[in-house]
Amino acid sequence: MKNADILVLDFGSQYTQLIARRLREQGVYTELVPFNASIDTIKAKNPKGIILSGGPASVYDENAYFCDDGIFALGLPILGICYGMQLIAYKNGANVAPASHKEYGKANIEIIKECEFMSGVVDNSIVWMSHSDKVNELPKGFEVIAKSQNSEFCVFGDFERKIYAMQFHPEVAHSEFGSVMLKNFAKICGCDSTWNMGSFAKTQIQAIREKVGNDKVLCAVSGGVDSSVVAALLATAVPENLIVVFVDNGLLRTNEAKQVEEMFKLKLGVNLISIDASELFLSRLKGVRDPEKKRKIIGETFIEVFDNEAKKHTNVKYLAQGTLYTDIIESSVVGASKTIKSHHNVGGLPEWMKFELIEPLREIFKDEVRALGLELGLSRDVVFRHPFPGPGLAIRIMGEVDELSLELLRKADVILQQELKSSGWYDKTWQAFCVLLNVSSVGVMGDNRTYENAVCIRVVDASDGMTASFSRLPYDLLENCSRRIINEVSGINRVVYDISSKPPATIEWE
Ligand code: XMP
């Protein structure tokens with residue numbers, strides 16, 4: 001397994017992975033570990049530097065998150081960001097307390113001391129703050145590097161020990177010179193900039209080979225880019241030990257099962273085992289309205305189906321999944337972040353599951369997966385397919401999932417996809433789908449009153465799914481979609497457009 005150049009200790013910020021990603025974009029291989037990783041785990045990765053991320057806790061809380069103090073004795077450069085900064089201050093004897101001015105959003109920094117860490121950063125540039133605690137005094141041995149209007153000690157460092165701390169988030173795009181500072185830190189650590197997706201593919205293929213040995217891997221594919229990339233990695237790494245399974249859970253879109261089968265068999269040359277488990281899934285979902293319950297049931301039923309398939313083969317020890325970092329952070333299984341929703345392949349795994357997991361994409365984001373897909377030779381239409389969630393249409397039907405609702409939603413969705421593709425908008429958006437609201441409203445068709453279901457169109461722009469804004473579709477296009485859905489799908493008399501961003505909303509409705 002490759003060593004990490006830089007190791008990020010995750011204290012639960014929703015942005016932690018962005019730190020790793022900003023560094024990887026600059027060719028520095030960076031991995032995350034939970035904030036409480038043991039010093040042995042940290043040493044085993046042989047990092048050249050350590051970053052302490054932001055997080056929701058306060059250092060003076062009874063249940064504050066602390067890392068192993070041993071990291072300060074390793075002699076490695078350390079960078080603390082937001083909570084990480086407060087932790088460095090606190091551990092070095094400085095006072096940290098609730099700020100009288102909480103700071104969320106933009107601020108400007110004034111550079112007090114020019115140094116390697118600030119090389120290339122322009123004075124008075126914009127940074128992005130999100131903190132309610134403040135470091136009130138400089139810890140011993142540290143010097144102020146920059147200040148902001150509300151933070152006298154906005155960036156400070158101990159140049160001898162190469163320990164740096166910053167109050168703002170350099171990893172978010174709004175911090176103008178954030179990537180420059182992260183790169184400077186990597187330079188201080190002595191990292192080279194040689195990492196790329198090709199080297200990531202090689203390391204993952206090698207790691208899969210070592211892990212699988214003579215056992216077999218069951219790889220569950222959905223037709224989406226994530227599982228297709230995993231299947232391509234496995235097909236290169238362990239072609240003889242691979243069983244690729246596609247499950248029709250009854251929650252797919254029109255013709256989806258057929259398209260996936262064709263794609264794998266014809267385009268990727270992978271021998272696919274297709275299982276129709278739609279009745280099982282739909283019977284389990286009967287009467288269930290709660291989004292988290294739906295997600296857990298679907299996750300558990302998937303594993304049950306995989307388990308039954310594995311019994312037909314010998315030595316199936318591993319289950320490979322296209323879990324991404326986004327799924328992990330929002331299901332809250334890394335570090336200390338809060339659960340947003342249980343992504344089906346992460347939070348929905350039952351305790352009785354016997355498979356060991358192979359998740360080669362755990363550390364990366366969707367756009368990085370796409371780059372990897374291209375690197376592995378997958379075609380552009382596979383790589384640039386819109387994401388489709390594991391729990392499928394179940395989380396796009398508000399309330400109970402039944403055949404009638406699925407039918408309505410499928411018909412509406414086909415129209416939306418057709419209109420987006422014919423207008424050239426499909427490729428300009430991250431994701432586009434319909435949601436069946438299960439809300440009846442009054443309409444008038446012909447001369448008759450109608451009282452029927454409403455559909456919401458959700459189309460978003462995003463680069464990794466962690467944040468999103470609604471797509472500014474032309475009104476004419478929206479009008480075409482609305483007119484066709486209402487005219488062609490009997491049972492729907494109203495179409496609305498979702499204009500919420502993520503955050504505070506999420507992309508899917510459940
Ligand atoms: P949210 O709704 O969390 O969605 O803003 C972010 C991205 O993740 C997809 N998504 C999922 N993908 N299993 C998946 O494989 C899931 O359980 C799941 N839930 C959401 C969603 O479609 C969007 O692209």
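Just follow the structure's listing: the first ligand is 1, and inside any ligand the first atom is 1. Every value quoted in this text rests on a predicted model; they were computed, and no experiment measured them.
- The residue from Gly390, Pro391, Pro291 that puts a heavy atom closest to atom 15 (O) of ligand 1 is Gly390.
- Considering backbone and side-chain atoms together, Arg295 places an N or O closer than 3.5 Å to an N or O of ligand 1.
- Contact annotation: Trp430 has at least one heavy atom less than 4.0 Å from an atom of ligand 1.
- Where the criterion is an N or O separation shorter than 3.5 Å, residue side chain and backbone included, Ile507 meets it with respect to ligand 1.
- Rounding to the nearest 0.5 Å places CZ of Arg22 at 10.5 Å from CD of Gln17.
- Annotation: Asn271, atom CG; neighbour count of heavy atoms from other residues, nucleotides and ligands within 6.0 Å does not exceed 12.
- The residue from Ile364, Leu234, Leu378 that alone fulfils the side-chain contact (heavy atoms from CB on, under 4.5 Å) condition with Val229 is Leu378.
- In this structure, the separation between CZ on Arg458 and OG on Ser471 is 9.0 Å, given to the nearest 0.5 Å.
- For the atom pair CD (Gln321) and CD (Glu359), the distance works out to 5.5 Å, reported to the nearest 0.5 Å.
- Taking every heavy atom of Thr506 and a limit of under 4.0 angstrom, the matching atoms of ligand 1 come to 1 (P), 2 (O), 5 (O).
- Each of the following atoms of ligand 1 lies closer than 4.0 Å to a heavy atom of Gln431: 21 (C), 22 (O), 23 (C), 24 (O).
- The atoms of ligand 1 that sit less than 4.0 Å from any heavy atom of Pro387 are 24 (O).
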